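What you see is a predicted model, and the numbers here were worked out from it, not measured in a lab. If you read the sequence from its start, that first residue is 1, and numbering goes on from there.
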Amino acid sequence: MPTNDFKMKILNTTAVAGLLVLSACSGGSDIYSNGEFTWTTQAVIQDGYKAYAPDSRTIVSNYPDAEYESGQWHLSEDLSGLPAYTAPTTLEEAIFNLSLEESVRAVEPDSTLRTGVNWGGVWTRDVSYSTILGISMIQTEAAQKSLMAKVDRLGRIIQDTGTGGSWPCSTDRMIWVMAAYELYKATGDESWKETVYPIIKRSLENDRLTVYDTATGLMRGESSFLDWRKQEYPLWMNPSDIFQSENLGTECVHYAAWDILAKLEGELGDGTEAARYRQFADSLKNAINDNLWMPDKGWYAQYLYGREYPIRSPRFETLGEALTILLDICPGPEAASMVAKAPCEDFGIPCFHPQIKGIPPYHNDAMWPFVQGFWNRAAAKTGNPDAVLHGIACIYRAAALFLTNKENVVIYNGHCKGTEINSSRQLWSIAGALSSVLNVLMGIDMQDDGIAFRPLVPREMAGERKLEQFRWRNSVLDISVDGYGAGIKSFSIDGEQCDRAFFPGSLEGRHSISITLDGKFPSGGINMTANPYTPGTPAPAKVLGSSLGRHFVWASDADSFIILRNGIPVDTTSLGSFHVEEDGEYQVIAMGRDGWNSFASEPLEYYSDEIVAKIGFKTTKTAGSGIKINISVPHGGPWFARFRYNNPQANFEDDNKCCNRTVKVNGRKAGLVVFPQLGKGLTELLLNSSCLKLDLEEGQNTIELEFTEENENMNIDVNECYIEDIRLTPAI
C-alpha cells in the first residue's frame, strides 16, 4: 500500500479547482468494486485517489504521478475524422477520447506509429499487437506504413533486437502476419494482400526450415512479448536454452500466421502449396493441444523448457491463453471454463501466474493493459460478463488515475511506479483501451467480407452506447448498442431488421446499425486470487562422485523436492541430495506448500559415453568456410550434440548478430544449431550452443557445419562465431 508521504504529495495550484470538483463528484452508484478500488457512474476511487470526467473532453485526477502536473487532461487534438463515442457515463466517453488523442499523438512525422513516449520508432510486435487490438480501425494508414517499415532488404519480416541477437532466438515476428491480415479486413484492399503475401511466405518458410521442432511439432523461440529473460525464465537459462524453449503465445502466433498463409496461397498462389500450408497449420494447432494443454489445471502450460528433455512450466500465461481462445485453438467448453478459472487480481489479470520470487515488477508482478485487452476479448467471446467487467474496470481505473495509457501496472498495488520500466502513451495500451469499446462493448469483429457484430455488455454497464462516424472501407457507420447481455435480440441496418448481425463489406456510404441485446449470458464466473510466488529455483546443483557412488546435490530453503531424470519425475525427497544410479540428465524442483512449485533447476548430466572433440574454428559466411568433423562413437543411434562456442559480437540482451549454421551428418541434413550473442567483447567466454539430436552410425561419422540461405540472421552482414569443441552424449 502507498506510504503516508506518497498519499500526501501536493499537486500544484493549477489542480485545486479540479480537486474541488473531485470532492463534490465522488459519489454515484457503483459499476464495479473490489477491496482495492471502486468504479462508479461518476468516478474511479482508490485509497483516497480519485479521477472524474466533468465532460467527455476532460479528466481530473489527484493521483500524484498522473501524466499532467495540473492533474487534468483536456482534449487538445482534432478528433473530427475519428469515431465519436457516446456512453451511459461521461468517464467512459472521456477515456475513449483520451485514447483516441493518444493514438493521434503516436503518429510520427514520417507517418509511422511511435511505440510509446519512452520507446521511439516502430517495434514489430508492439505495432502488430496494437494493430490487431484496434489501431487497424483508427490509424489504418499509419499502421500499414509501420508494418512495411519492419521488412528487411531480403523481403523478410524483421525480428527486433532480443535475447542472444534477435532471430531465431526470438521468433514472434510472425505476429506481423496477423496484423497485416487485420489491415486487409479493415480496408478490403486486394492490392495490400498482394503486397504482403510474398513477405509472409518467405518469412514463414524461413522459420519452418529453422525453428520447427520435429519431435514436438512446435516452433522454437522466446515467449512472445515476455522477452526479458529473468522476468519469465529461470535464471540458469542462457540464450541457447531460450531459443530451444517452446512458448504458448509464440506457438499461437505461428499457428495464426500459417493459417493466414494457407488462405493467401489459395487465393494468390498454388493450390497444392495451399493444401500443404493448411496441413502444417492444423498440425501446429494439434501440437499445441497435445503438448501444452493441462487437464488438471484447465489451461495451457506457459512453455516447454530445459535442454535435452524439455518439461512444462505450468504457469498461466495470459496473452497465450487469450490467443488460444481467439484463434479457436481451445475448444468452446474448455475456453469458457478457462476464463472462469483464470487467476485474476484486484488490479487486473497478471501477465502470468504465479509470480517469480525475487524478480522486480515488469512482466513479473505486473498487469499490462494490452494483455488485459486481449483477455477482455477472449472473455467476451466465451460470453463471460464477470471477467469482462473486471477487465474493463481495471483498464479504465489505470487510464483515469494516470491520465494516460501506461505501459504496465504493478499488480499488487495498482501503481504505475515501481516497475523496472514504464512509459506513457504506450501504443498497445492505447489499443487495449480502444479495443474494450470497439471489439467488446460495440462487438465489432471484422471479417474478410464484412463485420460480424458480437457485443457483450455486462449488466452493471447496461444502457445505450453509440459509435458514430465509424469509417470502415467505403462506408461510414453509426452504430448503437442498447441494453446488456451477450446475445442479440434485434439487429437492423437503416431500420430494416436482419436475421444475421452482419454488415456486408459490399455496402457503401453512410448507414445506421441498431443492436438490442437480449439480457442473457452463456457463461460467467471469475477467479479472484491472491498474488502467490513460487519457491526459489534450487541451486547450485551438481553431481558428486565418492566411494559411496554418485550424488546429485543442491541448496534450497524448501522442505521437499521432486527429482527428475530425463524430464520425468523419479522420486521425491526431503533431503538435499539424491543418489544417482543411472546415466542421464537430472533436475530438482522445490515443492511449495501452496501447491505451486519452483522452476526446475539447471539440468546436470552424467554419461559414461560422453565424447568431446576439439575444433578450434572461426566460422564466416564466405564460400567454402564450413567445418567438417570426423568423430567416432561406440554405438549407433541417436546422440545429442552441443558445441562450446564464443560470440562476442554484442550483448545477449540486444542487437541482431545471432550466428546460425546448418548441420549435416554423413552428407544428410540434420538440422540447425544456434550460437547466440554472449556479450560485447567477451572473447574468452565459452558457452554451449543449442542442442541437436543426431542419428549416428557406430564407428566413424562426418559432421559438417555450413552456412546456407536459411541461416541468414536479422543483421545479414555479420553472422559468425568461434567454435571451440563438440560434445556428444547418448540420447537415452
Test side-chain hydrogen bond (donor to acceptor under 3.5 Å, both in side chains) applied to T534 and R315, step by step: CA-CA 10 Å; T534 54; R315 281 181 167 84; 2.6 Å; yes
Criterion side chain to side chain contact (heavy atoms under 4.5 Å, CB included) on R454 and L456, from CA distance to verdict: CA-CA 7 Å; R454 300 184 175 95; L456 186 149; over 6 Å; no
Chi angles and distances behind the side chain to side chain contact (heavy atoms under 4.5 Å, CB included) call for M137, I444: CA-CA 10 Å; M137 296 180 271; I444 296 171; 3.9 Å; yes
Test side chain to side chain contact (heavy atoms under 4.5 Å, CB included) applied to E317 and C351, step by step: CA-CA 6 Å; E317 191 259 291; C351 293; over 6 Å; no
Test side chain to side chain contact (heavy atoms under 4.5 Å, CB included) applied to V409 and R397, step by step: CA-CA 11 Å; V409 172; R397 179 207 69 88; 3.6 Å; yes
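For K185 and D448, the salt-bridge test fails: no basic side-chain N is under 4.0 Å from an acidic carboxylate O. Salt bridge present: D227 and R125 bring a charged side-chain N and a carboxylate O closer than 4.0 Å. Salt-bridge annotation for R465 and E92: present, with a side-chain N of the basic residue lying under 4.0 Å from a carboxylate O of the acidic one. The pair R307-E602 counts as a salt bridge, with a side-chain nitrogen and a carboxylate oxygen less than 4.0 angstrom apart.
At least one donor-acceptor pair under 3.5 Å links the side chain of D241 to the backbone N or O of N238. Side chain of S435 to backbone of L133: a donor-acceptor contact under 3.5 angstrom is found. Distance alone, capped at 3.5 Å, is enough to place a donor-acceptor pair between the N422 side chain and the C416 backbone. A donor-acceptor pair under 3.5 Å is absent between the side-chain atoms of N408 and the main chain of A366, judged by distance alone. Formation of a donor-acceptor pair under 3.5 Å by the S601 side chain with backbone atoms of V588 is found in this model. Judged by distance alone, with hydrogens and angles left aside, the side-chain atoms of W299 form a donor-acceptor pair with the main-chain N or O of P314 at under 3.5 Å. Using modelled atom types, one side-chain atom of Y305 and one backbone atom of A600 make a donor-acceptor pair closer than 3.5 Å. In this structure, N597 contributes its side chain and G592 its backbone to a donor-acceptor pair below 3.5 Å. Remark: side-chain polar atoms of N527 are not paired, donor with acceptor, to backbone N or O of A340 under 3.5 angstrom. Between the side chain of T171 and the main chain of R220, a donor-acceptor pair closer than 3.5 Å is present.
For the pair L427/V127, a side-chain contact is recorded, criterion being any heavy-atom separation below 4.5 Å from C-beta on. Contact of the L304 side chain with the S245 side chain is not registered, since no non-hydrogen atoms from C-beta on lie closer than 4.5 Å. A 4.5 Å side-chain heavy-atom check between L604 and W554 finds every atom pair outside the cut-off. L226 has its side chain out of reach of S224: every pair of non-hydrogen atoms, C-beta onward, lies at least 4.5 Å apart. Using a 4.5 Å cut-off on side-chain heavy atoms (C-beta onward), E334 and P331 make contact. Side-chain contact between D207 and R173: present, with at least one pair of heavy atoms (C-beta onward) separated by less than 4.5 Å. You'll find the side chain of L204 reaches within 4.5 Å of the side chain of W258, heavy atoms only. The side-chain heavy atoms of R459 and P385, taken from C-beta on, include no pair separated by under 4.5 Å.
Other residues, nucleotides and ligands contribute only 12 or fewer heavy atoms inside 6.0 Å of the CD atom of Q279. Summarising the local packing, NZ of K263 is surrounded by more than 12 heavy atoms from other residues, nucleotides or ligands at distances under 6.0 Å.
Atom OH of Y255 is separated from atom OG of S283 by 10.5 Å, given to the nearest 0.5 angstrom. A distance of 5.0 Å separates CD1 in I515 from CD1 in I488, rounded to the nearest 0.5 Å. One distance of note links CZ of F502 with CG of D445; it measures 9.5 Å at 0.5 Å rounding. Note that the CD1 atom of I288 and the CD1 atom of I329 stand 4.0 Å from one another [nearest 0.5 Å]. Interatomic distance, OG of S223 versus CD of E246, reported as 12.5 Å (0.5 Å rounding).
No side-chain donor-acceptor contact under 3.5 Å links E407 and S423. If you check the side chains of Y32 and D30, you find no donor sitting under 3.5 Å from an acceptor. Residues D172 and Q159 have side chains that bring a donor and an acceptor to within less than 3.5 angstrom of each other. No side-chain donor-acceptor contact under 3.5 Å links E251 and N247. Side-chain atoms of S429 and N405 form no donor-acceptor pair, as typed in the model, at a separation below 3.5 Å. With no hydrogens or angles considered, no side-chain donor-acceptor pair links W228 and N364 at under 3.5 Å. T115 and D126 form no side-chain donor-acceptor contact under 3.5 Å, judged by distance and modelled atom types alone. Side-chain atoms of D365 and Y533 form a donor-acceptor pair, as typed in the model, at a separation below 3.5 Å.
Using the six-membered ring where Trp is involved, Y309 and F640 have ring planes that are perpendicular, over 60° apart on the 30 and 60° scheme. A tilted orientation is assigned to the rings of H363 and W368, their planes being inclined by 30° to 60°. Using the six-membered ring where Trp is involved, Y129 and W428 have ring planes that are tilted, between 30° and 60° apart. Note on ring orientation: taking the six-membered ring where Trp is involved, the planes of Y586 and F578 are tilted (angle from 30° to 60°). In this pair, F225 and F370 present their aromatic rings perpendicular. The plane angle is above 60°, beyond the 30 to 60° band. The aromatic rings of F347 and F37 lie parallel to each other, with less than 30° between the two planes, well short of the 60° mark.
Residues that satisfy the side-chain hydrogen bond (donor to acceptor under 3.5 Å, both in side chains) test with S170, not counting sequence neighbours, are E222. Residues meeting the side chain to side chain contact (heavy atoms under 4.5 Å, CB included) test with D328, sequence neighbours left out: K381. For P535, the side chain to side chain contact (heavy atoms under 4.5 Å, CB included) partners are A590, S598, not counting sequence neighbours. Considering only residues two or more places apart in sequence or on other chains, E345 meets the side chain to side chain contact (heavy atoms under 4.5 Å, CB included) condition with P350, H353, Q355, I411, T529, N531.
Screening residues 284-293 for side chain to side chain donor-acceptor pair (under 3.5 Å), with sequence neighbours left out, gives N289-Y300. Residues in residues 558-567 take part in these salt bridge (charged side-chain N to carboxylate O under 4.0 Å, His left out) pairs, two or more places apart or across chains: D559-R593.
By the 6.0 Å and 45° rule, R229 does not stack over the aromatic ring of Y233.
Partner F316 forms a ring pair (Phe, Tyr, Trp, His ring centres under 6.0 Å) with one of W375, W596, F352 and no other, that one being W375.
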